[in-house]
Structure formats: C-alpha cells, structure tokens
Chemist: 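I am attaching a structure below and will ask some questions about it afterwards.
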Amino acid sequence: MPEPNKPAMPHNIIMEDRRLLTLSGVADVDSFDENTVVVFTDLGELTVRGSDLHINRLSVEVGELLLEGRIDSLSYQNPQQKNTGGGLFGRVFR
C-alpha cells in the first residue's frame, strides 16, 4: 500500500525564464484559458496564473504537461479530504 502523502507518480516542475513550464505528475487538467490553467496532481490542485498561456503538449497517460506563456504564479490547494459530514448543509441540518 502506498505511503500517505507520497504521490503515485513523481511530480516535478521545471520553469524556464517564466515563459516555459514543464510539469510531471499531472493526473488531469480541470480547466484552462489564456490566464489560468488548473491541473490535478497527487499532491494537490495546482493553479498556474499568467497571460497568453497555451498548452503545447499534454499526455495524461504519462502525466506530463508543457505550458507556454507569461507565468506569474503557481499555487497549490491540498488534495480534497473525504468529508463524511456532507459539507456545510450537512452540518447545518444535523
């Protein structure tokens, strides 16, 4: 059984001159447009913000993403924990 907090596939980020970003360990792409790309990794949801962002290559089978454009920020959200309380409404209507 895998260790807790250990990703199923290696997760690496290589950024070149804030214009080219190579990601490994990508499980899926949630959404993308010219200013924001949101990808799912085993280590959490990664949001890339910038301008003129373009996905040049995506291979979910091997977990690689190549992104080009002006990259302003990278930020993670922790993986979603399973909530048995049913969210806000589940807590309110107990």
Chemist: For the CD atom of Glu68 and the CZ atom of Arg57, what is their distance to the nearest 0.5 Å?
Modeler: 11.5 Å
Chemist: For Val26, is there any backbone N or O sitting under 3.5 Å from a side-chain donor or acceptor partner on His11?
Modeler: no
Chemist: Kindly say whether Asn12 contributes a backbone atom to a donor-acceptor pair with the side chain of Ser24 at under 3.5 angstrom?
Modeler: yes
Chemist: Check for me, please, whether Met15 and Val39 land in the same ILVMFWY cluster - side-chain distances under 4.5 Å, paths through other members count.
Modeler: yes
Chemist: So, for Arg49 and Thr36, which heavy atoms are closest and what is the spacing to 0.1 Å?
Modeler: NH1-OG1, 3.5 Å
Chemist: Any link between Leu66 and Ile55 through a network of hydrophobic side chains (Ile, Leu, Val, Met, Phe, Trp, Tyr) touching at under 4.5 Å?
Modeler: no
Chemist: Just so I know, are the side chains of Val48 and Ile71 near enough to count as touching, which here means a heavy-atom distance under 4.5 Å?
Modeler: yes
Chemist: For the residue pair Leu53 and Arg70, what are the closest heavy atoms and their distance?
Modeler: CD2-O, 3.6 Å
Chemist: Which atom pair, heavy atoms only, marks the closest approach of Asp42 to Met9?
Modeler: OD2-N, 3.5 Å
Chemist: Assigning hydrophobic clusters by single linkage (Ile, Leu, Val, Met, Phe, Trp, Tyr; side-chain heavy-atom cutoff under 4.5 Å), is Leu43 placed with Val37?
Modeler: no
Chemist: Starting from Phe40, can I reach Val60 by hopping between I/L/V/M/F/W/Y residues whose side chains sit under 4.5 Å apart?
Modeler: no
Chemist: Would Asp72 and Arg18 count as a side chain to side chain contact (heavy atoms under 4.5 Å, CB included) if you check the C-alpha gap in whole Å, the side-chain angles of each, and the deciding distance to 0.1 Å?
Modeler: CA-CA 7 Å; Asp72 293 330; Arg18 288 182 61 183; 3.0 Å; yes
Chemist: Given Leu46, which partner from the list Asp30, Leu23, Val38, Leu65 fulfils the side-chain contact (heavy atoms from CB on, under 4.5 Å) test?
Modeler: Leu23
